[in-house]
Amino acid sequence: MGDIAKGVLGGGWALVVGWVLPAALNLAVFFLAIAPSLRRTAAIERIWPATAGQTALLLLCAAVLFGIVLNALQTPLYRILEGYLLWPRSAYDRGCRRQRARKERIAELITCPEGRTSVQRALLNEQMARYPTDDDQIAPTRLGNAIRRFEEYGHNRFRLDTQVLWNELSAAAPEQARRQAETSRTNVDFFVALLYGHAVVAVLALLALASAGAERPLLVVTAIALCALIPLWYRSAVYATDEWAAAVRAMVNLGRKPLADALGLVLPKQLAEERTMWQLVTRMSRRPYRDAADTAFAPYRAAPPDSNSQLHPPAPGPGE
């Protein structure tokens with residue numbers, strides 16, 4: 001029972017911190033700064049709570065509801081910020097060129113360290129580490145590159161495509177590594193949810209300017225402040241991916257052998273052979289089965305136990 005409760009709380013913690021809490025913060029801004037200007041409208045008057053307790057209950061229920069919805073929509077929300085969804089082709093290509101040029105500029109600064117302190121050089125290396133090693137994997141946004149760098153890590157090093165085999169790797173990896181990956185992503189979720197919430201509340205503040213009882217100075221200041229904070233939350237999300245990347249890297253490094261064991265394979269000692277094996281596993285997961293796969297996997301299969309040793313156990317020694 002304790003393990004069940006621990007698992008439920010672990011998953012609920014990621015939902016609460018990553019999505020429900022930012023939703024609650026944005027709803028609080030809405031209720032404090034925007035809703036008073038809308039109270040005289042008929043729709044708001046019907047649902048406006050009569051007491052402070054009812055207001056708190058409404059805020060809590062709305063935060064949980066919006067948090068669950070945001071959590072369910074997290075994939076498209078991330079893809080918009082990464083530059084993969086709703087981006088015109090011209091904007092996508094222009095963003096990739098800009099990010100590639102930025103990566104090259106950072107690389108040039110690293111190769112010419114004269115006049116820079118050790119801290120400045122470390123910061124440059126930190127910025128470079130937020131880009132994928134393969135230039136063909138460059139994304140059009142900083143967040144897209146910061147996430148893409150650890151999405152390509154397994155494939156670049158071991159030909160283990162974590163995008164295809166993520167569920168298998170998560171199931172086989174050590175529990176501590178898996179929890180670190182889940183916890184570190186929560187930090188990025190928090191800033192992403194806060195960013196989107198600020199954008200929505202800022203738009204509502206501008207729309208509320210058209211209402212009859214609008215408190216225009218408060219609404220304008222609220223909209224400006226929220227818009228000014230959006231770039232800050234975006235940068236914070238980019239920085240928060242550092243811990244997420246380290247956790248995913250640990251999952252790949254520590255989970256490869258358990259994953260191979262779970263699949264009935266023996267992890268080769270030579271890196272070149274291991275890369276070939278994981279490439280075969282990835283292909284097998286993507287493509288329909290062919291008879292040639294049986295021959296291809298033969299060198300990597302675990303040897304069956306010796307049947308003779310099981311049927312005829314060794315005779316006991318003289319002292320046994």
Side-chain angles (χ1 to χ4, degrees), residues 15-49 52 55-88 91-92 94-95 98 139-144 146-147 185-241:
L15 173 62
V16 170
V17 175
W19 301 102
V20 175
L21 180 57
L25 294 175
N26 284 300
L27 284 170
V29 174
F30 174 80
F31 270 92
L32 293 175
I34 302 174
S37 297
L38 303 174
R39 286 194 63 178
R40 296 180 182 179
T41 61
I44 297 298
E45 284 184 351
R46 283 196 297 268
I47 64 173
W48 191 267
T55 302
L57 180 60
L58 176 62
L59 177 62
L60 176 61
C61 293
V64 172
L65 176 61
F66 283 117
I68 293 174
V69 172
L70 289 172
N71 181 55
L73 295 174
Q74 60 180 286
T75 298
L77 293 178
Y78 266 94
R79 288 184 176 178
I80 292 173
L81 296 179
E82 292 175 82
Y84 302 139
L85 184 64
L86 301 180
W87 279 58
Y92 179 90
R94 185 166 57 252
R98 184 171 60 251
T141 68
R142 294 180 62 182
L143 181 62
I147 294 177
R185 173 168 181 163
T186 302
N187 300 328
V188 186
D189 291 342
F190 175 85
F191 292 115
V192 168
L194 205 59
L195 182 155
Y196 276 105
H198 276 25
V200 172
V201 175
V203 171
L204 293 176
L206 295 176
L207 293 177
L209 290 172
S211 62
E215 300 179 12
R216 286 177 172 77
L218 177 60
L219 293 174
V220 171
V221 170
T222 300
I224 293 175
L226 293 176
C227 290
L229 287 173
I230 287 176
L232 174 62
W233 304 142
Y234 183 85
R235 285 178 174 268
S236 299
V238 173
Y239 296 153
T241 59

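At distances below 3.5 Å, at least one donor-acceptor pair connects side-chain atoms of Ser37 with backbone N or O atoms of Glu215. A donor-acceptor pair under 3.5 Å is formed between the side chain of Tyr234 and the backbone N or O of Leu143.
Between Leu70 atom CG and Leu65 atom CG the span is 9.5 Å, to the nearest 0.5 Å. Interatomic distance, CH2 of Trp87 versus OG1 of Thr141, reported as 6.0 Å (0.5 Å rounding). Summarising the geometry, atom CD1 belonging to Ile68 is positioned 12.0 Å from atom CG belonging to Leu73; distances are rounded to the nearest 0.5 Å. Rounding to the nearest 0.5 Å gives a distance of 10.0 Å between CG of Leu209 and CG of Leu218. Of the inter-residue distances, the one linking Ile230 atom CD1 with Leu195 atom CG reads 5.5 Å to the nearest 0.5 angstrom.
Scanning both residues, Ala223 and Leu206, for their nearest heavy atoms gives CB-CD2, 3.8 Å. Nearest heavy-atom pair across Leu77 and Tyr196 is O-OH, 2.6 Å. Here the closest heavy-atom approach between residue Val20 and residue Ala63 is recorded as CG1-O, 3.9 Å. Taking every heavy atom of both residues into account, Pro140 and Glu82 meet most closely at CD-O, 3.6 Å. Closest approach of Leu15 and Gly67 over heavy atoms only: CD1-O, 4.0 Å. When every heavy atom of Pro36 is checked against every heavy atom of Ala33, the shortest pair comes out as CD-C, 4.1 Å.
Side-chain atoms of Leu232 and Phe191, non-hydrogen and from C-beta on, never get closer than 4.5 Å to each other. Using a 4.5 Å heavy-atom cutoff, the side chains of Tyr92 and Tyr84 are in contact. Proximity of Ile34 to Leu219: side-chain heavy atoms (C-beta onward) are separated by under 4.5 Å at one or more points.
For residues 63-72, the set of pairs meeting the side chain to side chain donor-acceptor pair (under 3.5 Å) definition, not counting sequence neighbours, comprises Trp19-Asn71, Asn71-Gln74.
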List the steps, then state whether side chain to side chain contact (heavy atoms under 4.5 Å, CB included) holds for Asp189 with Tyr78. CA-CA 9 Å; Asp189 291 342; Tyr78 266 94; 2.5 Å; yes
Which pairs would a plain distance check flag for residues 23-30, meaning a side-chain donor or acceptor within less than 3.5 Å of a matching protein atom at least two apart in sequence or in another chain?
from, atom 1, to, atom 2, distance (Å)
Asn26, OD1, His198, N, 3.2
Asn26, OD1, His198, ND1, 2.6
Asn26, ND2, Pro22, O, 2.9

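Atom CZ of Arg216 is surrounded by more than 12 heavy atoms from other residues, nucleotides or ligands within 6.0 Å.
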